[in-house]
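This structure is a prediction, so every number in the text was calculated from the model and none was measured. Chain A is the first sequence line, chain B the second, and so forth, proteins listed ahead of strands; every chain is numbered from 1.
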Amino acid sequence: MTNRPSYYITTAIDYVNGRPHLGHAYEKVLTDVLARYQRRQGADVFFLTGVDEHGMKVQQSAAKQGRQPQEFCDEMAGHFRALYDRLNISYDDFVRTTQPRHKEVVQKILQQLFDAGEIYSADYEGYYSTRLEQFLTEKDRVDGKFPESFGEVVFLQEKNYFFKLSQYQGWLLEFYQNHPDFIYPSFRTKEVLGALQEPIPDLCISRPAARLSWGIPLPFDSEQVTYVWFDALVNYLSVLGYERGQAGGRWPAVHVIGKDILVPPHAIYWPAMLKAIGVAQPRQLVVHGWWTQNKEKMSKSVGNVVDPLELIDLYGVDAFRYFVMREMALGYDADFSEEQFKLRYQSELGNTLGNLVNRSVSMIHRYRGGVVPSPMEPGTEAGEGFRRDVLESIRVYRENMDKLQLHVGIMELWKGLMRVNQFVDETAPFKMAKDEARRAELDHVLHELAAALELFAQELQVLLPGTALKMCEQLGGGLQSSISQELHWPESVAGRHLGQAQVLFPRLEETPSPKPA
RNA sequence: GGCAGCGUAGCUCAGCGGUAGAGCAGGGGACUCAUAAGCCCUUGGUCACAGGUUCAAAUCCUGUCGCUGCUACCA
């Protein structure tokens with residue numbers, strides 16, 4: 001047993017029908033940063049990500065390639081997992097909806113609800129497009145006819161199962177009125193409340209197995225397979241284990257999702273489902289926005305989809321993590337442009353951070369043989385000011401992280417780094433080095449530099465885990481997995497033997513023009 | 001149509017009741033430890049527009065315009 005607070009955080013599970021893109025990568029980095037941040041705060045973090053593998057599109061894609069759905073899923077899941085490993089995502093578990101542990105929980109929940117009379121069967125009839133594999137509504141008609149794009153349209157009558165969602169409308173309304181901070185950013189709550197103004201119909205949760213075979217069979221009707229939400233959403237519970245009304249010990253979760261799956265799935269279906277099975281509501285929904293590319297919507301048809309792997313190959317994992325966290329205000333949309341990426345890389349990572357580490361480590365090597373000297377006794381007013389400014393930037397960074405204002409927090413941290421660069425110039429250790437009489441002063445300045453960098457390295461392991469590790473190697477120390485309550489100036493760096501100076505973020509070469517040898 | 005978010009320096013954004021801010025980009029300067037990096041100074045905004053509340057409004061209220069998004073009986 002531990003007395004550390006539990007923190008269960010999840011990403012949306014990605015649908016394996018397509019390759020992962022920038023949006024997928026962003027969401028996982030975001031969740032990873034929050035998870036790592038909480039771990040440093042001392043929380044007992046459990047971080048879940050994974051993939052959604054059932055459904056018509058997967059069934060069709062597999063068939064198109066003449067393969068079994070499971071085989072197809074195995075390959076696609078591999079792509080996602082490979083990307084997340086590449087991104088240094090510190091997930092504790094990777095769920096796949098085709099895993100037995102998941103199917104078992106889905107069936108338990110369906111059976112529980114069926115037994116409780118929360119699920120009923122009904123016949124549905126309507127026009128159905130065989131080409132799109134979906135039912136059509138009257139508004140799909142153009143001039144009284146279904147357009148050519150639907151292909152053959154037939155009138156179908158079939159049996160389906162429904163979840164009594166409509167009876168939770170009043171409860172949902174009240175829930176959101178009483179929990180204005182359940183969704184971050186809170187303005188999204190208004191969208192949910194808006195949706196709840198209209199009557200919500202019961203939720204169809206099944207498909208005849210004859211039409212859709214790639215899914216989890218209903219435990220009470222083998223002719224039917226459950227459809228989308230009772231499969232996908234349940235992943236959040238299934239990895240924790242579930243017995244009637246009893247979620248695993250790490251529940252409730254913080255769900256990180258995109259704005260596209262807030263209403264209705266995560267804001268309406270999921271709370272109602274949890275309520276129906278007697279499980280507590282999630283702790284919070286963190287809803288992020290979308291990336292555009294040079295102000296245009298990213299889409300496969302426009303051909304402006306950004307491949308995260310390409311960027312990582314070119315600039316490194318940490319540069320990618322930095323950019324997506326720094327550029328997007330959590331909850332809002334942001335624009336992706338490689339120009340902007342390069343600017344931030346060069347200026348903020350290369351110059352402000354990388355060069356600072358490099359110049360500091362180099363000076364300690366050059367002037368003190370790579371051993372961090374001891375500071376002077378009670379610092380001067382100016383020296384105290386430096387410490388105070390650095391600590392303040394970290395304090396404000398954390399304050400903003402706590403409020404999920406990640407990009408603001410990062411800006412604050414960089415203000416601190418700039419303060420250190422400023423310190424180098426105002427104390428000019430390279431001038432002190434030429435004057436033997438200023439030996440103690442130089443010792444002090446070099447110590448303060450190492451101490452400041454030590455502080456930043458420890459903070460940066462959340463955002464830039466690889467870089468933080470490199471910084472620690474150069475500083476002759478190691479990463480601390482969790483933080484102490486009070487921020488304090490690390491005098492313990494005195495006496496450390498530094499590692500070799502190494503460039504963290506190499507300058508980007510100009511447009512490669514062939515140079516004569 | 002309903003609702004929401006945004007509209008602050010060339011660009012990206014912070015500020016959200018008390019004399020307009022940061023980073024980048026542009027211009028100038030002093031330095032040399034360092035990835036021709038860093039530091040200092042500087043150009044640049046009637047805080048979309050119009051009303052209102054207030055001793056005082058980017059900051060609160062109303063309206064207008066612009067951009068974006070969500071939503072309008074897919075079982």
Rounded distance in Å - [atom1] ([X]) to [atom2] ([N]):
{"X": "A:Glu426", "N": "B:rA30", "atom1": "CD", "atom2": "P", "answer": "20 Å"}
{"X": "A:Glu348", "N": "B:rG38", "atom1": "CD", "atom2": "C1'", "answer": "15 Å"}
{"X": "A:Phe187", "N": "B:rU71", "atom1": "CZ", "atom2": "C1'", "answer": "14 Å"}
{"X": "A:Met363", "N": "B:rA34", "atom1": "CE", "atom2": "C1'", "answer": "7 Å"}
{"X": "A:Gln346", "N": "B:rU12", "atom1": "CD", "atom2": "P", "answer": "20 Å"}
{"X": "A:Leu193", "N": "B:rC70", "atom1": "CG", "atom2": "P", "answer": "18 Å"}
{"X": "A:Gln500", "N": "B:rA34", "atom1": "CD", "atom2": "P", "answer": "14 Å"}

Look at [X] and [N] and indicate whether a side-chain polar atom (N or O) is within less than 4.0 Å of OP1 or OP2.
{"X": "A:His407", "N": "B:rA14", "answer": "yes"}
{"X": "A:Gln422", "N": "B:rG38", "answer": "no"}
{"X": "A:Lys415", "N": "B:rG23", "answer": "no"}
{"X": "A:Arg507", "N": "B:rA37", "answer": "yes"}
{"X": "A:Arg326", "N": "B:rG23", "answer": "no"}
{"X": "A:Asn351", "N": "B:rG38", "answer": "yes"}

Have a look at [X] and say if it touches a base, only the backbone sugar-phosphate, or nothing, with a 4.0 Å heavy-atom cut-off.
{"X": "A:Leu504", "value": "base"}
{"X": "A:Val357", "value": "nothing"}
{"X": "A:Gly194", "value": "nothing"}
{"X": "A:Phe505", "value": "base"}

Relative to the 5' end of RNA chain B, which residue comes earlier, A:Trp290 or A:Thr352, by the nucleotide with the nearest heavy atom?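 Upstream on the strand: A:Thr352.
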B:rA34 base / A:Asn355 side chain donor-acceptor hit below 3.5 Å: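 Indeed, a donor on one side and an acceptor on the other fall under 3.5 Å apart.
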What is the pairing partner of B:rG1, taking Watson-Crick or G-U wobble pairs with both distances under 3.5 Å in any strand?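 Across any shown strand, B:rG1 pairs with B:rU71.
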Who passes side-chain contact (heavy atoms from CB on, under 4.5 Å) against A:Ala450, sequence neighbours left out?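 Partners of A:Ala450 under the side-chain contact (heavy atoms from CB on, under 4.5 Å) test: A:Ile364, A:Val372, A:Val493.
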